[in-house]
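Working notes for the structure below.
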Amino acid sequence: MSEKVFTNCTNAGPVSVYVKDGKVTRMRPLVAEEKDFKPWVIEADGKKYSPPKKFNVAPYVHADRRRLYSDDRIKYPLKRVDFDPNGERNPQNRGKSPYVRISWDEALDIVSSEIKRVSETYGNSAISGMTSSHHNWGIVGYKMGPFARFMNMLEFTPVLDNPDSWEGWHWGATHTYGFYWRLGMPEQYDLLEDALQNAEMIVLWSNDPDSTRGTYTGQESALWRQWLKEKGVKMVFIDPYHNFTAGVMEGKWIAPRMGTDTALAMAIAYVWITEDLYDKEYVKDRTIGFEEFKPYVLGETDGQPKTPEWAEEESGVKARVIRALAREWAAKRTVLSGGSRGGEGGACRVAYGTEWARMMVLLQGMQGLGKPGRSIWGTTMGAPSDTKNWFPAYADLQGRVATSKVANHLPVNPNKQRVWRLTLPDAILNPPISWYGEGFCGQSLEQQFTHFKYPMDGCSEIKLFYRYGGSFMGTMSDTSKWVRMYQSPKLEFVVNQDCWFNSETQMADIILPACTNFERDDVGEWGACGGYTCHASSGCNYRIVVRQQKCLEPMWESKSDYEIFTLLAEKLGRKEEFTDGKTELEWVKAFFDSSDLPKLISWEEFDKKGYHIINIDENYKSTPSLRWFAEGRDCDTPDTNNPKRGTEKAGHLGTYSGKIEFASESLKSKFPDDEERPVTPKYIKSWEGHHSEIFEKYPMQLMSPHPRFSFHCHYDKHTDWLDDIPVHRIKKDGYAWWPARINPVDANRRGIQSGDIVRLYNDRGSVLCIAVVTERVRHGVIHSYCSSAKYDPLTPGKSDSPDRGGCVAILTASRMVSKNVPGMTPNSCLIEIEKWEG
Amino acid sequence: MSRYSILIDVNKCNGCYNCFLSCRDEYYGNDYPPYSAAQPLNDQFWMQVKEVERGVYPKPKVSYIPKPCMHCESAPCISASKDGAVYRRADGIVMIDPEKAIGQEAIVNACPYRVVFWNAEKQIPQKCTMCAHRLDEGEKVPRCVESCPTGALVFGDLDDPNSEISKLAKEVATESLNPEFQTDSLVKYVGLPKRFVAGEIVYKDNEGECAPGVKVTLTGGGQNRESVTDIFGDFEFEGLDKNTTYTVAVAANGYAPWQTEFTTYKDVNLGEIVLERK
Ligand code: SF4
Ligand code: SF4
């Protein structure tokens, strides 16, 4: 049979899928017609910069075929052998017992009757469920689509996500410069042009863009950084690990002790204040509270001037280096790279990480944030990009089958009970619990101050847990508690729906096989999240909307999520209510019709051709981010969700004062006496760091940033080609181990050599990894990525068993950023490491 | 005539392994007769990416060296093969015939670069084909080059004076990965890691300040180079020869001159060089 080529999209780039005899043979970065590309041009210093006509996808996308056919695919509906919905349920055996294949009919019967039983017995609030993040692409089938629509119909208790990748920015930076509608990260419009034209130095602080790639935009920005390197822009990397971007960019590496970045930042402010090296006019006109902040820096309030020498004590970075950096930063147009989408590094995921993120904004505030070459720019977004044509994305209400107006009927969930993702196990095991904050607080600063209690008055505790995906052993904190949660009899029924076996899959009573986005119809724009990261596709060199064509039938007995929920709804007698009378393809068409795309291409052509590239038009006008603010003008960027845009306060930031706040008005109003997130930022010693008592027992700091060769837990163990990349996993004795990187000084002291299996441990658990002895990690630090998808306890189902899969999140603390900040802190984690003799 | 080549700029490579993965996607499970037999699941790396870490904390460096078949003009694998199992096409691409090569393990061992792999199941040697089957179909570049995001891989015809690759090859000093093998490889490199020496200048009487702008000279190995320290007082000389003795001398106004001699058995970090007042 002849070869057929389909178009599709992944979470890191568009692809052409080659299919022969119903089997995918190859996947290439989408092969588009040359005439469809109209590359933008940026002129800087007499040179023209323009991207090649191609799509630079993330590494793992090239292995998507392997992931599609992975042995780890869930092929059939499964039931745990010792689970009997009408008799013994044996919840204590979750994670231990094997499974038996059952028919779809039996599976749907069990799940639907459990839904009925639980809601009739306890009320709808006893049903909860949650998804993992971004395992596929395409708005119709996205995790916020069918799942949310179905669960809203059931009036379930939602689990609120913590902003896991950028905690400090969300809970801290927002109170300094607003941007809560971007969850604490600043707009990025036209900052590539600004950097090429104006930047003399870039400080990449806790930011490794070659690894994190601006979240979804593949490797489009790698070339931008090459341009900057070739231009001779000096790069400084502040990171306990000599990261991959540092590897290729070279430049200066500064490696502070973990958790001391705020001290470093304070010392930079100290140099600027004492040497008169900051933009006083800007501070006077564009900020408030500097006079409250300054005395702290100078030591007038606590007797400790924040001198470079003081910061050296804390951070281990030489005072002279801090001084030189501060002076150069002030003297040269310096971009601060960190804290923007995809660039929110580990320094914000620590004890009191709010203070560091606030200081990033304030440091740049002291140098005129928004002036030429004085941006906060992650280096992964902000290419010239069309913003006139709208296409829905997954985080837009209008981009979800659950909430979009393209539906005739939208199920509304009246249930007000919520649970907090990080403390879900605690909520199940030891209720009641309480916290501040409505998850992603993108509507207002006040959302961060809402108090929640579980169980809510008049609501039930959770009895039925519908888990979609299952990555948390590798991504949340202190994760053995998830095992304890699953084994609790308080969860009467657990179902897990996924394409692949994941760390939590085998904690379920019933497992349902879903298919991938290559096996169903969908549509999606590359790199676009919409919602709180509006215009994220400016991280791509070209906007491209892809008609994600069904390349093959769902394999084995897998079904699309949409179909699974349709069948369940049917069993509950609510099919029409769920489907809105539409097939998946009809939703695709409805979303297309609701967008601006029909102005550019007909449905028929789009459907057949499979993609449309939206180039910038000839009169594209650059509006660099925050230039308006620096120049005292009204906001002129296309930042759609900025609520002040187009109003009489259009020149204001999103803070209470409309200015950059050294002393936060919002924090002052709600938590005036909070010592852990004070009104003006402070350096506070970590509760798990080199000053802690347990430092003697556990003298190594664990650093677990986002991984380079997988996306959270996706790909990794479902894509075994990646095991041949030694940066990702290293094979030894027939097993693919997760690397733990250690400095030779620390390794020698413990008799550890590269290739040794080592045990990383503390009181919370232990994880087996393979040692990589390297000069690229600071003394006293162990670098091992978070997000291993492989949870492989030596004794299955035993929560304190050593894991040899590499889920180092098991070692991290449950403790939150601070008492009113419910964010996770994986980088405040002390461990010891030893050679594992088995 | 054409001579197809890949020019690999190690300075640009960010170690993303796109090239390795896209190559595997092209060949894993896919037979392309008569060009090549399918790549098996394990142990074959037609495009390897070799990580090279140099120097010591806090001044390490890392390079990634992508390494396909070198498509040599004097190819030892051709000499080692029987029945014309390995041959060079008119465009320079060195090919292994998957039928004729059955049982010829000598081909694997003949390659000094170790880029030919033995398929134990099929009893054949296998390696990079420069994606000949695609080029013959009209594709412009091989899969690995297509997927490279940084421009580290440039493909083209060295004999075509208008090709990007031949223009580039004129502009920059290209090298062979292992010139000592003397195989006239068509695959060329730029920026292969050599030895470097680094150091940081500190004033004994003013350790709280970095020492920028200090003149540092390097002599030895037929070289005489000069540099000044940057804002952090750091200096570096890159591209030194291996196992060669050099002298670094530091001269700062008002301070006693300092110098040292070292041999580049490996990369050298002179660490903090503390200058005393005259
Ligand atoms: S040229 Fe083709 S065969 Fe050779 S390494 Fe590249 S992708 Fe593989
Ligand atoms: S694809 Fe390019 S940048 Fe990536 S590893 Fe290969 S040569 Fe290097």
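S221(A) does not touch chain B: none of its heavy atoms, backbone or side chain, sits under 4.5 Å away. Residue contact with chain B, scored on non-hydrogen atoms closer than 4.5 Å, involves the side chain of N743(A) exclusively. For a residue to count as touching a neighbouring chain, one of its non-hydrogen atoms must lie under 4.5 Å from one of that chain's; by this rule E53(B) touches chain A with the side chain only. Looking at A58(A), the atoms closer than 4.5 Å to chain B (heavy atoms on both sides) all sit in the backbone: N, CA, C or O. Contacts between R708(A) and chain B at a heavy-atom distance below 4.5 Å involve the side chain alone, from C-beta outward. With a 4.5 angstrom heavy-atom cutoff, D723(A) does not touch chain B via any of its atoms. Contact annotation for R54(B): neither backbone nor side-chain heavy atoms come within less than 4.5 Å of a heavy atom of chain A. Of the atoms belonging to D230(B), it is side-chain heavy atoms, and not backbone ones, that fall under 4.5 Å from chain A.
No salt bridge links K61(B) with E775(A); every basic N to acidic carboxylate O contact stays at or beyond 4.0 Å. We find that E200(B) and K318(A) are not joined by a salt bridge, their nearest charged nitrogen and carboxylate oxygen being 4.0 Å or further apart. Salt-bridge check for E26(B) with R65(A): failed, with every basic side-chain N at 4.0 Å or more from each acidic carboxylate O.
For the set E272(B), E236(B), E51(B), the entry with the most heavy-atom pairs within less than 4.5 Å of chain A is E272(B). If you tally non-hydrogen atom pairs under 4.5 Å between each of G29(B), G151(B), S147(B) and chain A, the highest count goes to S147(B). When each of D234(B), N11(B), N30(B) is scored by its heavy-atom pairs under 4.5 Å with chain A, the top score falls to N30(B).
Taking the six-membered ring wherever Trp is involved, the centroid distance between the rings of Y57(B) and W253(A) falls below 6.0 Å. Ring centroid separation for the pair F20(B) and W721(A) does not come in under the 6.0 Å cut-off.
Across all their heavy atoms, A63(A) and L21(B) have their closest contact at CB-CD2, 4.3 Å. In terms of heavy atoms, P60(B) sits closest to H242(A) at O-NE2, 3.6 Å. For the pair D210(A) and N14(B), the tightest heavy-atom approach, listed with the atom from each and the gap, is OD1-ND2, 3.1 Å. Of all non-hydrogen atoms in F232(B) and L325(A), the two that sit nearest each other are CE2-N, 3.8 Å.
Separation of atoms CG (D25(B)) and CE (M27(A)) is listed at 7.5 Å; rounding is to 0.5 Å. Here the CD1 atom belonging to I725(A) is positioned 9.5 Å from the CZ atom belonging to F45(B), to the nearest 0.5 angstrom.
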Step-by-step side-chain contact (heavy atoms from CB on, under 4.5 Å) determination, D724(A) to D43(B): CA-CA 8 Å; D724(A) 279 326; D43(B) 305 324; 5.9 Å; no
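In this structure, Y17(B) and F709(A) have perpendicular ring planes: the angle between them is above 60°, well past the 30° mark.
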